[in-house]
Asks: 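My questions will all concern the structure given below.
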Amino acid sequence: MFEVAVIEDPAAAEVSLDPVRARLLAELAEPGSATMLAAKIGLPRQKVNYHLKALEKHGLVELVEERRKGNVTERVLRATAASYVISPAALADVQPDPSRSPDRLSARWLLALAARLVSDVGALLTGAARARKRVATFALDGEVRFATAADRAAFAEELTNAVTALVSKYHDETAEGGRDHRVIVAVHPSVRPVITTETETKES
């Protein structure tokens with residue numbers, strides 16, 4: 001099972017967005033059968049089987065084992081990933097295009113870049129899985145608190161200069177065996193988790 005899988009196929013994306021099937025995917029983080037799942041989510045086993053066949057058809061769940069119980073063979077399935085991301089490639093005709101209106105200070109352009117990142121990395125993961133290889137990537141994630149907007153602007157300028165210097169230092173246009181890599185650096189306000197009334201009640 002993968003930690004994260006990217007859904008690129010429109011039909012698979014449609015299947016995963018069904019509320020019942022999404023619930024089944026969550027339950028199948030651990031292997032289970034239609035009978036076990038029916039008891040958990042309160043649906044008839046035949047109905048659960050119908051949804052499981054759709055998920056399996058699109059590669060979202062996989063067979064773990066088959067158990068013989070009398071005259072019946074029970075199929076035990078598991079989700080192919082712990083979590084899923086739908087690639088913008090699933091909506092190819094309307095996926096964001098960062099080249100359309102580049103603007104370093106635009107939140108919508110940042111979103112378009114993030115969408116392309118998901119699409120590109122999803123394609124790389126698919127190709128790497130077929131070739132049984134790993135994808136060479138690197139990521140940083142952190143937080144910084146700015147005292148003022150002026151500090152944030154100064155940080156952005158220094159960051160731009162530092163990244164530009166690094167790219168100039170290591171970029172080799174003449175390297176015949178080299179491979180291009182995309183560099184994305186983003187800064188945005190942190191989003192705090194929303195505390196629901198139910199969560200507050202449990203914590204109090």
Side-chain angles (χ1 to χ4, degrees), residues 1-67 69 72-98 107-130 135 139 141 186 188-204:
M1 175 189 283
F2 298 111
E3 182 61 32
V4 182
V6 181
I7 298 173
E8 298 176 291
D9 177 52
E14 183 179 0
V15 165
S16 70
L17 290 172
D18 178 273
V20 174
R21 292 168 184 172
R23 171 75 188 279
L24 289 173
L25 283 176
E27 293 291 346
L28 286 173
E30 297 294 333
S33 66
T35 302
M36 295 165 60
L37 292 166
K40 283 186 178 181
I41 68 175
L43 284 178
R45 182 177 60 81
Q46 292 84 353
K47 192 78 142 179
V48 171
N49 254 327
Y50 167 77
H51 290 302
L52 289 175
K53 285 179 181 177
L55 291 169
E56 188 175 12
K57 177 183 176 182
H58 292 93
L60 299 173
V61 301
E62 60 189 358
L63 181 66
V64 175
E65 63 173 317
E66 292 184 328
R67 299 170 181 167
K69 289 190 174 181
V72 178
T73 299
E74 185 179 60
R75 302 177 79 245
V76 179
L77 301 165
R78 179 180 63 185
T80 53
S83 55
Y84 297 86
V85 175
I86 296 178
S87 169
L91 295 169
D93 293 337
V94 292
Q95 65 178 315
D97 181 3
R108 295 187 186 281
W109 189 59
L110 173 57
L111 191 60
L113 286 175
R116 185 178 63 188
L117 177 65
V118 172
S119 182
D120 287 353
V121 174
L124 288 168
L125 284 173
T126 300
R130 288 172 183 161
V135 182
D141 180 34
H188 64 81
S190 298
V191 179
R192 300 301 178 190
V194 177
I195 300 177
T196 63
T197 304
E198 182 181 352
T199 304
E200 290 173 341
T201 303
K202 287 180 180 179
E203 291 179 347
S204 60

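Position 1 is the first residue of the sequence; numbering continues from there.
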Asks: On a heavy-atom basis, which atom in Ile7 and which in Ala13 lie closest, and how many Å separate them?
Replies: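 Closest approach of Ile7 to Ala13, heavy atoms only: CG2-N, 3.5 Å.
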
Asks: Rounded at 0.5 Å granularity, tell me how far CG in Leu52 sits from CG in Leu28.
Replies: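 The CG atom of Leu28 is 6.0 Å from CG of Leu52, to the nearest 0.5 Å.
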
Asks: Could you grab the distance from atom CG of Asn49 to atom CG of Leu43, nearest 0.5 Å is fine?
Replies: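 Going from the CG atom of Asn49 to the CG atom of Leu43 covers 11.5 Å.
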
Asks: Who pairs with Arg21 by side-chain hydrogen bond (donor to acceptor under 3.5 Å, both in side chains), at least two apart in sequence or on another chain?
Replies: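 If we apply the side-chain hydrogen bond (donor to acceptor under 3.5 Å, both in side chains) test to Arg21, skipping adjacent residues, the hits are His51.
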
Asks: With sequence neighbours left out, which residue pairs that include part of residues 33-51 fulfil the salt bridge (charged side-chain N to carboxylate O under 4.0 Å, His left out) condition?
Replies: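 Qualifying pairs: Glu27-Lys40.
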
Asks: Determine, for Glu30 against Arg78, whether the closest basic-nitrogen to carboxylate-oxygen distance falls under 4.0 angstrom.
Replies: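 No salt bridge links Glu30 with Arg78.
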
Asks: Got a sec, which pairs hit side-chain hydrogen bond (donor to acceptor under 3.5 Å, both in side chains) with one end in residues 5-16, sequence neighbours left out?
Replies: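 Qualifying pairs: Glu8-Thr126.
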
Asks: What is the minimum heavy-atom distance between Ala112 and Pro98, and which atoms define it?
Replies: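 Taking Ala112 first and Pro98 second, the nearest heavy atoms are O-CG, 3.5 Å.
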
Asks: Please enumerate all residues that pass side-chain hydrogen bond (donor to acceptor under 3.5 Å, both in side chains) together with Ser33, with sequence neighbours excluded.
Replies: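 So Ser33 forms a side-chain hydrogen bond (donor to acceptor under 3.5 Å, both in side chains) with Glu74.
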
Asks: Side-chain donor-acceptor pairs under 3.5 Å in residues 116-123, sequence neighbours left out?
Replies:
none

Asks: Which heavy atom of Ala12 sits nearest to which heavy atom of Leu60, and what is that distance?
Replies: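 Scanning both residues, the minimum pair turns out to be O-CD1, 3.9 Å.
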
Asks: Of all heavy-atom pairs between Ala29 and Met1, which one has the smallest distance, and what is that distance?
Replies: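 Shortest heavy-atom separation between Ala29 and Met1 comes out as O-CE, 3.3 Å.
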
Asks: List for me each residue that meets side-chain hydrogen bond (donor to acceptor under 3.5 Å, both in side chains) alongside Arg75, sequence neighbours excluded, and say none if there are none.
Replies: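 Only Glu56 meet the side-chain hydrogen bond (donor to acceptor under 3.5 Å, both in side chains) criterion with Arg75.
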
Asks: Which atom names give the shortest non-hydrogen contact between Val48 and Leu24, and what distance separates them?
Replies: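 Looking at all heavy atoms of both residues, the shortest contact is CG1-CD2, 4.2 Å.
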
Asks: Looking at every non-hydrogen atom in both residues, tell me the closest pair between Ala79 and Tyr84 and how far apart they are.
Replies: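 That closest heavy-atom pairing would be CB-OH, 3.7 Å.
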
